[in-house]
Amino acid sequence: MSDSNTTDFNNPSSFILLGIPGLEEAHIWISIPFCAMYAIAVLGNFTILLIVKTEPSLQGAMFYFLCMLAITDLVVSTSTLPKMLSIFWFNSREINFSACLTQMYFIYSFSTMESGILVAMAFDRYVAICNPLRYSRTLTNSVVAKIGLAVLLRSGIVTLPYPFLARRWPYCRTNIIPHSYCGHIAVVNLACADIRISSYYGLFNLFSVIGMDVFFIAVSYTLILRAIFRLPSKDARLKTFGTCISHLCAILVLYIPDFFSSLTQRFGQNVPLHLRVLIASMYLLMAPMLHPIIYGVRTKQIRGRLLQLFTHKQN
């Protein structure tokens, strides 16, 4: 199919992804850092899963939530990068209409799932610091499984309107998407109809679902900080707060680029298109790459297990 296919048609069977519009000549060079980020994400998250699975001392709520986060990071990054690389390397820009909507669903559902898991991890830190004697009774394996199921169902349900709304719009002008993946707004902007419902729902999801998650995390950390400041010594306060650093870094890595990317896509008309697309593309790889690094460096049990593995190999 030609990239210039802009003749009249209804509901195309496929779309054309441009990659990074305006930077087509640099696609090969852009693919290098993208590949490096994806390789680190895959290696890091699989390492986290392997360590938790093989180390009996890590069989607890905190590390189960960390495994859930690792799985969602793997799905989010794998949902986008292979197609990006096919564009960057082989100029394979065509994507089936249904495959495009499926990619859209996986990206947004698992990104929402990441947010829900961070809320669960904030609850884990709250119980561990504010009610340490009740930790093992509160966060049992059954409770962790129910929380994981609730996060999965919520993300799956709130994301369903994205592909359904995108499918119902008529596409009669062009099937060329100026993006590297099937982002919601990038797709529905091609529709020759009033797409305010899609736009409003996207903002609703951003500010209500994600906003609600941020609110619950803020409440948890308000209670955590109150408990920390009541500790008798400075060393005890610093040591207790240190157990939250990894989670706080994971929150910043996910939410700051998420809000920036989402708002830029909708209201950043003054930002060059290639920069908006580049930021949105890197955002989907940034958190999956950084999360295992953060937890590998900051979590004593995982860091110790990694050192044991490397020491054993050297011996």
Exercise. Before giving the answer on side-chain contact (heavy atoms from CB on, under 4.5 Å), spell out for Leu284 and Ser111 the whole-Å C-alpha distance, their side-chain angles and the decisive distance to 0.1 Å.
Key: CA-CA 8 Å; Leu284 292 177; Ser111 295; 4.3 Å; yes
Quiz item: Is there a side-chain hydrogen bond (donor to acceptor under 3.5 Å, both in side chains) between Tyr108 and Ser155 once you walk through the steps?
Solution: CA-CA 8 Å; Tyr108 288 100; Ser155 61; over 6 Å; no
Exercise. Report the C-alpha separation of Cys182 and Ile95 in whole Å, then their side-chain angles, then the decisive distance to 0.1 Å, and conclude whether the side-chain contact (heavy atoms from CB on, under 4.5 Å) test is met.
Key: CA-CA 9 Å; Cys182 291; Ile95 183 170; 4.0 Å; yes
Exercise. Could you go through the side-chain contact (heavy atoms from CB on, under 4.5 Å) check for Ser246 and Tyr295 one step at a time?
Key: CA-CA 6 Å; Ser246 298; Tyr295 279 96; 3.6 Å; yes
Practice problem: In sequence, state the C-alpha distance, the side-chain angles, and the governing distance for His247 and Tyr221, and then conclude on ring-ring contact (aromatic ring centres under 6.0 Å, His included). | Solution: CA-CA 11 Å; His247 183 241; Tyr221 271 96; 5.7 Å; yes
Quiz item: Is there a side-chain contact (heavy atoms from CB on, under 4.5 Å) between Ile195 and Leu165 once you walk through the steps?
Solution: CA-CA 9 Å; Ile195 60 165; Leu165 287 171; over 6 Å; no
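Rounding to the nearest 0.5 angstrom, the gap separating the CD1 atom in Ile293 from the CD1 atom in Ile48 is 10.0 Å. For the atom pair Ser281 OG and Met37 CE, the distance stands at 10.0 Å (nearest 0.5 Å). Taking OH from Tyr201 and CD1 from Ile197, the interatomic distance works out to 12.5 Å, rounded to the nearest 0.5 Å. Rounding to the nearest 0.5 angstrom, the gap separating the CE atom in Met62 from the OH atom in Tyr64 is 13.5 Å. If you take OG on Ser180 and CG on Leu81, they are separated by 9.5 Å, rounding to the nearest 0.5 Å. Residue Ser98 holds its OG atom at 4.5 Å from CZ of Arg167, rounded to the nearest 0.5 Å.
Both Phe204 and Val188 are part of a single hydrophobic cluster, where members link through side-chain heavy atoms under 4.5 Å apart. A chain of hydrophobic side-chain contacts below 4.5 Å, direct or via other Ile, Leu, Val, Met, Phe, Trp or Tyr residues, connects Val143 to Phe123. Side-chain heavy atoms closer than 4.5 Å link hydrophobic residues (I, L, V, M, F, W, Y) into clusters, and following such links, even through other members, never connects Ile256 to Leu118. With hydrophobic clusters built from ILVMFWY side chains whose heavy atoms lie under 4.5 angstrom apart, Leu252 does not share a cluster with Met282. Leu43 and Val75 fall into different hydrophobic clusters, defined by Ile, Leu, Val, Met, Phe, Trp and Tyr side-chain heavy atoms under 4.5 Å apart, directly or through other members.
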Please list, one pair per line, the donor and acceptor atoms closer than 3.5 Å that link side chains of residues 228-239 to other protein atoms, with sequence neighbours excluded.
unit_1	atom_1	unit_2	atom_2	d
Ser233	OG	Ala236	N	3.2
Arg237	NH1	Leu231	O	2.9

For residues 23-32, please give each side-chain donor-acceptor pair under 3.5 Å, one per line with the distance, not counting sequence neighbours.
unit_1	atom_1	unit_2	atom_2	d
Glu24	OE1	Gly22	N	3.0
Glu24	OE2	Gly22	N	3.4
His27	NE2	Ile20	N	3.1
Ser31	OG	Ile28	O	2.5
Ser31	OG	Trp89	NE1	2.9

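Between the side chain of Asp124 and the main chain of Ala120, no donor-acceptor pair closer than 3.5 Å is present. No donor-acceptor distance shorter than 3.5 angstrom exists from the side chain of Tyr126 to the backbone of Ile217, with no hydrogens or angles considered. Proximity of a side-chain donor or acceptor of Gln103 to a complementary backbone N or O of Ser79 within less than 3.5 Å is detected. No donor-acceptor pair closer than 3.5 Å links the side chain of Asn175 to the backbone N or O of Ile16. The backbone N or O of Arg137 lies less than 3.5 Å from no partner atom in the side chain of Thr140, so there is not a single donor-acceptor pair. Listed for the Thr159 side chain is no donor-acceptor partner under 3.5 Å among the backbone atoms of Gly156. No donor-acceptor pair closer than 3.5 Å links the side chain of His179 to the backbone N or O of Val277. Remark: side-chain polar atoms of Asn131 are not paired, donor with acceptor, to backbone N or O of Val127 under 3.5 angstrom.
Ile40 has its side chain out of reach of Pro292: every pair of non-hydrogen atoms, C-beta onward, lies at least 4.5 Å apart. Side-chain contact check for Trp169 versus Ser198: some heavy-atom pair is nearer than 4.5 Å. Considering only heavy atoms from C-beta on, Cys100 comes within 4.5 Å of Phe15 through its side chain. For the pair Val151 and Thr112, the minimum side-chain heavy-atom distance is 4.5 Å or more. Looking only at side-chain heavy atoms (C-beta outward), Met113 and Leu153 stay at 4.5 Å or farther from each other. Between Met68 and Val144, some side-chain heavy-atom pair lies under the 4.5 Å cut-off. Proximity of Phe106 to Thr80: side-chain heavy atoms (C-beta onward) are nowhere separated by under 4.5 Å. No side-chain heavy atom of Tyr181 sits less than 4.5 Å from a side-chain heavy atom of Lys83.
Tyr135 OH: more than 12 foreign heavy atoms inside a 6.0 Å radius.
A pairwise comparison of heavy atoms in Ser77 and Pro82 identifies O-CD, 4.2 Å as the closest pair. Nearest heavy atom pair, residue Glu94 against residue Ser14, reads OE2-OG, 2.9 Å. Here the closest heavy-atom approach between residue Ile224 and residue Ala122 is recorded as CD1-O, 4.2 Å. Of all the heavy atoms in Ala250 and Ile294, the pair that sits closest is N-CD1, 4.1 Å. Of all heavy-atom pairs between Thr54 and Pro56, the closest is O-CD, 3.4 Å. Ile87 approaches Ser92 most closely through the heavy-atom pair CG1-O, 3.5 Å.
Exactly one residue among Leu17, Leu18, Asn189 makes a side-chain contact (heavy atoms from CB on, under 4.5 Å) with Ile177. That residue is Leu17.
Tyr162 and Tyr105 have their aromatic ring centers separated by at least 6.0 angstrom.
Side chains of Thr78 and Tyr38: a donor-acceptor N/O pair is present below 3.5 angstrom, by distance only.
For Leu49, the side chain to side chain contact (heavy atoms under 4.5 Å, CB included) partners at least two apart in sequence or on another chain are Phe46, Cys67, Ala70, Ile71, Leu74. Listed by chain and number, the residues in a side chain to side chain contact (heavy atoms under 4.5 Å, CB included) with Phe63 are Val52, Leu58, Leu66, Thr299, Gln301, Ile302 (sequence neighbours excluded). The side chain to side chain contact (heavy atoms under 4.5 Å, CB included) search around Ser136 returns none, not counting sequence neighbours. Remark: Ile245 engages Phe241, Cys249, Arg298 in a side chain to side chain contact (heavy atoms under 4.5 Å, CB included) (not counting sequence neighbours).
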